[in-house]
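Numbering of residues begins at 1 and proceeds along the displayed sequence. Being a predicted model, the structure only gives us computed values, none of them experimental.
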Amino acid sequence: MPDKMLEYAPEWTYDDSVVMREPIVKLGKMITDRIPIVLGIQKITKQDPEYWAVATICPTDEMAEVALRMKKRHPRTFADMKKLVANMNMSDEYLEKLLEQMSENGLIEWNYENPQHEKQWVLPMFVPGSGEFSNMNYELLQKHPELGRFFERMTRNPLEKVTPMVPPGGGGIGMHVIPVEKAIEMENEAINLEKISYWLDKYDGKYAASPCSCRYSRKTYDEGCADDPEGWCIAVGDMADYVVETKKGGHYITKEQALEIFKQGEENGFVHQITNIDGEDKIFAICNCNVNVCYALRTSQLFNTPNMSRSAYVSEVKKENCVACGRCVEHCPAGALKLGQKLCKKDGSEVEYPRQELPDTVKWGPEKWEPEYRDKNRINTHETGTAPCKTACPAHIAIQGYLKMAAQGRYDEALALIKKENPFPAVCGHICNKRCEEACTRGTIDEAIAIDDVKKFLAHRDIANSTRVIPKKVIPKITVDGIFDREPGFTEKVAIIGAGPAGLSCAFYLAEKGYLNVTVFEKNKEPGGMLRYGIPNYKLEKA
């Protein structure tokens with residue numbers, strides 16, 4: 001369901017027969033950052049997530065009363081808590097159990113970050129805070145799937161008014177994107193705060209792989225993705241203890257395991273993000289975010305304001321190094337790049353493309369938002385530009401890219417690029433109707449490039465076992481040794497009807513993503529005549 005439908009889709013609604021609990025109303029107002037409610041312009045109703053979600057994670061008025069005395073984001077020691085509830089007739093043992101239950105539900109968190117290293121309890125914001133914590137408790141989320149919608153609403157509702165005013169880097173709101181460190185390792189001026197290694201060293205020995213609350217949340221209302229949600233968010237410092245000890249699915253890990261998780265995240269095209277709510281010198285998590293489900297990345301793209309998740313680094317394409325393969329365009333989570341930016345016009349002048357409007361230059365409102373960002377940021381080509389051969393190719397292969405690689409003698413790399421979109425280059429090379437050559441702009445000068453002949457040459461190399469290119473499996477699931485005791489892939493059974501090009505391609509890409517039980521059913525004896533070209537990890541059964 002595209003994001004634009006959220007405004008019209010039925011919200012999770014609270015039972016009208018339930019009498020509103022006044023302590024819950026007060027607590028919801030105290031925690032929320034939604035400006036109309038904070039200013040008293042709008043009252044909380046039982047249909048607001050500030051009410052029904054808090055009522056879920058705070059099942060008793062007693063819990064609500066304790067939380068109301070804590071104040072938002074104000075650390076309290078156990079001695080402080082005893083003073084706050086002195087007139088509530090609680091024993092120390094009872095208070096400890098109550099605080100433990102509130103922590104498990106995600107209503108409060110705790111840490112030891114004070115000079116005395118004494119345990120402190122904190123009433124957090126909704127996001128980041130109880131929205132994530134409640135969704136990380138799998139048992140609670142299964143019992144109350146409406147909490148998934150709560151997390152989604154509280155990453156959106158409070159930001160509708162303030163997002164256009166957020167400065168670069170988020171200003172303590174949301175999360176902050178940090179680059180893949182190997183991409184800037186030669187940059188002498190890379191500051192420590194922008195390095196994963198800096199944060200891992202700062203919290204040395206205190207890491208926990210924990211579930212992704214965004215992936216969990218989206219799944220509750222059928223907007224999830226194929227990623228396994230477990231282990232992608234790395235809690236650091238006291239937060240590592242919190243997610244392990246309070247039913248948040250956390251697993252302690254070593255620095256080496258953390259680095260391996262980040263590497264797997266990069267292979268999947270995930271975005272590293274750190275929390276920034278506590279200023280420059282403190283974080284509590286480093287996440288590996290998928291733009292299709294991440295609420296933090298959604299804020300900047302839905303509201304069309306890059307500052308919410310902007311990195312301190314800006315990518316730059318060097319023309320002399322670019323092979324025009326288009327992979328950066330297709331994989332950039334922000335849709336920042338487009339194909340078709342021709343170097344010049346026929347008269348020799350350069351093409352100028354419009355830059356994205358920003359909220360600090362024009363009035364910003366819903367008319368400037370991009371609710372269909374998950375589709376729109378995948379548009380590969382400027383309306384006024386073109387990548388004719390790639391566009392004309394039914395398989396949408398990066399033709400310019402593999403042609404340049406082949407011209408440089410990088411045959412295996414060229415084959416690997418082809419197989420990103422077409423696992424059967426030999427078959428395609430022999431029966432292709434050459435739409436790419438018909439569209440080739442070189443033909444307007446003399447004659448089209450012999451694209452299909454190059455592809456045939458590369459495909460013949462692939463048939464030979466000594467030069468066959470088998471793509472590496474990239475699995476959106478943590479497969480680091482020593483963290484989870486489970487299969488290194490997806491065990492769900494998948495049936496594919498028909499062993500033609502489409503069916504076998506489907507089997508190929510499922511295998512590449514780590515699906516272990518894929519069965520192709522075919523009524524004929526031969527699977528489309530292509531079995532000899534080698535499809536890794538699939539079974540063929542007669543229908």
Side-chain angles (χ1 to χ4, degrees), residues 3 6-7 11-12 23-58 64 67-75 102 105-109 121-136 146-176 213-214 217 273-279 282-285 287 294-305 307-310 359 364-366 369:
D3 251 291
L6 291 178
E7 296 187 26
E11 292 281 1
W12 187 87
I24 300 299
V25 176
K26 292 180 179 179
L27 185 57
K29 182 176 180 180
M30 186 173 85
I31 299 176
T32 192
D33 288 329
R34 196 149 39 131
I35 292 176
I37 293 177
V38 173
L39 297 179
I41 299 172
Q42 178 181 328
K43 289 185 177 181
I44 291 179
T45 71
K46 66 178 66 176
Q47 303 306 333
D48 289 317
E50 286 95 340
Y51 182 79
W52 51 259
V54 174
T56 298
I57 62 177
C58 191
L68 282 167
R69 300 181 187 205
M70 294 177 68
K71 294 185 180 180
K72 185 169 68 173
R73 304 203 74 231
H74 194 103
M102 293 166 70
N105 288 357
L107 180 64
I108 62 174
E109 58 180 292
W121 284 267
V122 182
L123 178 69
M125 303 160 58
F126 282 135
V127 176
S130 54
E132 288 94 335
F133 299 147
S134 61
N135 276 253
M136 289 167 70
E146 67 271 16
L147 290 175
R149 180 65 80 182
F150 156 61
F151 184 26
E152 183 276 322
R153 289 285 87 180
M154 299 317 296
T155 58
R156 174 169 174 158
N157 289 350
L159 298 175
E160 291 183 346
K161 301 292 185 183
V162 303
T163 303
M165 298 179 280
V166 174
I173 302 175
M175 300 183 76
H176 176 67
S213 50
C214 294
S217 168
Q273 293 195 93
I274 57 174
T275 55
N276 64 0
I277 190 174
D278 294 305
K282 178 185 174 183
I283 67 171
F284 56 80
C287 295
C294 176
Y295 294 136
L297 291 174
R298 180 184 73 167
T299 54
S300 58
Q301 298 194 67
L302 169 62
F303 300 119
N304 236 338
T305 52
N307 288 347
M308 282 294 293
S309 53
R310 183 176 179 178
W364 213 257
W369 298 354

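What you find for S300 and L297 is that their closest heavy atoms are OG-O, 3.1 Å. Between S130 and P124 the shortest heavy-atom distance is N-CG, 4.0 Å. Minimum interatomic distance between C58 and A64 (heavy atoms only, all atoms of both residues): SG-N, 3.2 Å. The two residues F303 and W364 make their nearest non-hydrogen contact at O-NE1, 2.9 Å. Across all their heavy atoms, A55 and I24 have their closest contact at N-CG2, 3.8 Å. Scanning all heavy atoms of the two residues, the minimum distance from W52 to K46 falls at CD1-O, 3.4 Å.
Between C294 and Q273, the closest side-chain pair of non-hydrogen atoms falls below 4.5 Å. Side-chain atoms of N157 and D48, non-hydrogen and from C-beta on, never get closer than 4.5 Å to each other. Residues Y295 and S217 form a side-chain contact, since some pair of their non-hydrogen atoms from C-beta on lies under 4.5 Å apart.
Residues forming a side-chain hydrogen bond (donor to acceptor under 3.5 Å, both in side chains) with S213 (at least two apart in sequence, or on another chain): none. Residues that satisfy the side-chain hydrogen bond (donor to acceptor under 3.5 Å, both in side chains) test with E50, not counting sequence neighbours, are T32, R34. Legend: residues meeting salt bridge (charged side-chain N to carboxylate O under 4.0 Å, His left out) with R69, ordered by chain and number and at least two apart, are absent. V25 meets the side chain to side chain contact (heavy atoms under 4.5 Å, CB included) test with M20, E22, I44, Y51; sequence neighbours excluded. In this view, K72 and D33 satisfy the salt bridge (charged side-chain N to carboxylate O under 4.0 Å, His left out) rule, not counting sequence neighbours. Applying the side-chain hydrogen bond (donor to acceptor under 3.5 Å, both in side chains) criterion to N105, with sequence neighbours excluded, gives Q101. Qualifying side-chain hydrogen bond (donor to acceptor under 3.5 Å, both in side chains) partners for K71, counting only residues two or more places apart in sequence or in other chains: none.
Electrostatic pairing of R149 and E152 counts as a salt bridge here, judged by a charged N lying under 4.0 Å from a carboxylate O.
Taking CD1 from I37 and NZ from K29, the interatomic distance works out to 9.0 Å, rounded to the nearest 0.5 Å. The CE atom of M154 sits 9.0 Å away from the CE atom of M125 when rounded to the nearest 0.5 Å. The distance from the OG1 atom of T56 to the CZ atom of F150 is 9.0 Å, given to the nearest 0.5 Å. Between atom CG of residue L27 and atom CG of residue L68 there is a gap of 5.0 Å, rounded to the nearest 0.5 Å. Rounding to the nearest 0.5 angstrom, the gap separating the CD atom in E132 from the OG1 atom in T155 is 8.5 Å. One finds the CD1 atom of I35 at 9.5 Å from the CG atom of L159 (value rounded to the nearest 0.5 Å).
Within the 3.5 Å criterion, the main-chain N or O of I277 finds no donor-acceptor partner in the side chain of T275.
Between F284 and F133, the ring planes are tilted. Angles from 30° to 60° get that label.
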Between F151 and C214, is the side chain to side chain contact (heavy atoms under 4.5 Å, CB included) condition met? List the steps. CA-CA 8 Å; F151 184 26; C214 294; 3.9 Å; yes
Using the rule given for side chain to side chain contact (heavy atoms under 4.5 Å, CB included), can you reason through L123 versus H74, listing the C-alpha separation, both sets of side-chain angles and the distance that settles it, and then say yes or no? CA-CA 7 Å; L123 178 69; H74 194 103; over 6 Å; no
